[in-house]
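Numbering starts at 1 and runs along the sequence shown.
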Amino acid sequence: MNVSMTAPALHARLDCVRVEGNEILHGIDLAVPSGAWTAIVGPNGAGKSTLLRVLAGLQRVDGDAHLQGRALHSWPAAERARALAWMGPEEPGADDLTAHDVVMLGRLPHRAWLAPPSPADHAAVEAAMQATQSWPWRTRRLSSLSSGERQRVLLARVLAVQAAVTLMDEPLAHLDPPHQAEWQALVRGLVAQGRTVVSVLHELNLALAAEHLVVMDAGRVVSAAPPGAPESHEALMRVFGGRLELIPHGGRWVVVVR
């Protein structure tokens, strides 16, 4: 895909972001392209998750962040919840709810206060659970599921929002390799529909399959470019201390740890 940066889905200009008094991010100017999959990578402590929380409007900042050209703080809460879906690491869920009810929570931004689910809500939930292969255990309580099954239910919840922009922090936690590949296929399907996906990933080889790669280190964006660009490769090798090698394989780049 030829990623255009002329109309970003998200744009953050940050002088500084502090968490509990500690400066985590500084000097950020990042535009996230619309209708593409952006992967954010970097070593532990680079600030990846904090940056994603900023883009989601969940973190106070010294600077500004925009969603579809509008300041995040200017969006009415319900409208923003329909436009931007969020899945955090170790996402909490109500353990006493059934898997189906948990996924139905993703439809709350589409319903009036206390209104029952509509046929469209039920259809969206079933489609999301079918896509994550969690439909067979829809009547089971969340507490009865394995870590991987639970993760797929929570992924279905964020898909059920049907948002234009979806942010996911470590969505592959607890997923085995086949389900990681299925997650990648889901992301490609969303992008094919014109949606925007931003994910923080530790799985570098999967991240290299994205259209746009953001490499971070020490609270800064070191590189933001296509994964195949020389600057992306140089940034990856630099932030991981020269312990990586990128080699071409089957028409794409593969990371090998030295």
Do [X] and [Y] have side chains that get closer than 4.5 Å, going by heavy atoms?
{"X": "Thr196", "Y": "Ser34", "value": "yes"}
{"X": "Leu244", "Y": "Val257", "value": "yes"}
{"X": "Leu97", "Y": "Leu142", "value": "no"}
{"X": "Val214", "Y": "Val198", "value": "no"}
{"X": "Glu170", "Y": "Gln151", "value": "no"}
{"X": "Val254", "Y": "Leu208", "value": "no"}
{"X": "Asp95", "Y": "Arg141", "value": "no"}
{"X": "Ser223", "Y": "Leu213", "value": "no"}

For this session: Would you confirm whether Arg252, through its side chain, and Asn205, through its main-chain N or O, come within 3.5 Å as a donor-acceptor pair?
Result: yes
Exercise. Are the side chain of Arg53 and the backbone N or O of Leu58 linked by a donor-acceptor pair below 3.5 Å?
Worked result: yes
Count I, L, V, M, F, W, Y as connected when their side-chain heavy atoms are under 4.5 Å apart, and connections chain through other members. Are [X] and [Y] then in the same cluster?
{"X": "Leu55", "Y": "Trp86", "result": "yes"}
{"X": "Ile24", "Y": "Val215", "result": "no"}
{"X": "Val32", "Y": "Val61", "result": "yes"}
{"X": "Leu201", "Y": "Val239", "result": "no"}
{"X": "Leu186", "Y": "Val102", "result": "yes"}

For this session: Could you name each residue pair satisfying ring pair (Phe, Tyr, Trp, His ring centres under 6.0 Å) that touches residues 43-81, not counting sequence neighbours?
Result: none
Problem set entry | ring pair (Phe, Tyr, Trp, His ring centres under 6.0 Å) contacts touching residues 150-178 (sequence neighbours left out) | none
Value rounded to 0.5 Å, distance of [atom1] in [X] from [atom2] in [Y]:
{"X": "Leu30", "Y": "Ile40", "atom1": "CG", "atom2": "CD1", "answer": "6.5 Å"}
{"X": "Leu204", "Y": "Trp253", "atom1": "CG", "atom2": "CH2", "answer": "15.0 Å"}
{"X": "Arg152", "Y": "Leu159", "atom1": "CZ", "atom2": "CG", "answer": "12.5 Å"}
{"X": "Gln184", "Y": "Gln180", "atom1": "CD", "atom2": "CD", "answer": "10.0 Å"}
{"X": "Lys48", "Y": "His202", "atom1": "NZ", "atom2": "NE2", "answer": "5.0 Å"}
{"X": "Leu172", "Y": "Leu155", "atom1": "CG", "atom2": "CG", "answer": "9.0 Å"}

Problem set entry | salt bridge (Lys or Arg N to Asp or Glu O under 4.0 Å): pairs with one or both residues in residues 65-87, sequence neighbours excluded | Arg70-Glu79
Considering all heavy atoms, the nearest [X]-[Y] contact:
{"X": "Leu246", "Y": "Met237", "value": "CD1-CG, 4.0 Å"}
{"X": "Ala83", "Y": "Leu67", "value": "CB-CD2, 4.2 Å"}
{"X": "Ala9", "Y": "Val165", "value": "CB-CG2, 4.1 Å"}
{"X": "Pro109", "Y": "Gly106", "value": "CD-O, 3.5 Å"}
{"X": "Ala128", "Y": "Val103", "value": "CB-CG1, 4.5 Å"}
{"X": "Ala99", "Y": "Leu145", "value": "CB-CD1, 4.5 Å"}

Seminar exercise, completed: side-chain hydrogen bond (donor to acceptor under 3.5 Å, both in side chains) pairs touching residues 122-137, sequence neighbours excluded, are Thr132-Ser134, Gln133-Glu182
Problem set entry | Qualifying side-chain hydrogen bond (donor to acceptor under 3.5 Å, both in side chains) pairs, either residue in residues 11-21, two or more places apart | His11-Asp29
Exercise. Going by atom types alone, do Arg107 and Gln162 pair a side-chain donor with an acceptor below 3.5 Å?
Worked result: yes
Please list, chain by chain and in numerical order, all residues satisfying side-chain hydrogen bond (donor to acceptor under 3.5 Å, both in side chains) with [X], sequence neighbours excluded.
{"X": "Thr38", "answer": "His212"}
{"X": "Ser144", "answer": "Arg140"}
{"X": "Asp176", "answer": "His179"}
{"X": "Thr98", "answer": "Asp101"}

Seminar exercise, completed: Residues at least two apart in sequence or cross-chain that pass side chain to side chain contact (heavy atoms under 4.5 Å, CB included) with Ala85, listed by chain then number, are Val158, Val161, Ala163, Thr166
Problem set entry | side chain to side chain contact (heavy atoms under 4.5 Å, CB included) between Met216 and Leu25, intermediate numbers included | CA-CA 10 Å; Met216 296 189 67; Leu25 301 177; 3.7 Å; yes
Quick one: side chains of residues 226-234, donor-acceptor pairs under 3.5 Å with protein atoms, not counting sequence neighbours, listed by atom name and distance.
{"residue": "Ser232", "atom": "OG", "partner": "Pro226", "partner atom": "O", "Å": "2.7"}
{"residue": "His233", "atom": "NE2", "partner": "Pro227", "partner atom": "O", "Å": "3.0"}

Exercise. Excluding sequence neighbours, so at least two apart, what forms ring pair (Phe, Tyr, Trp, His ring centres under 6.0 Å) with Trp183?
Worked result: Trp37
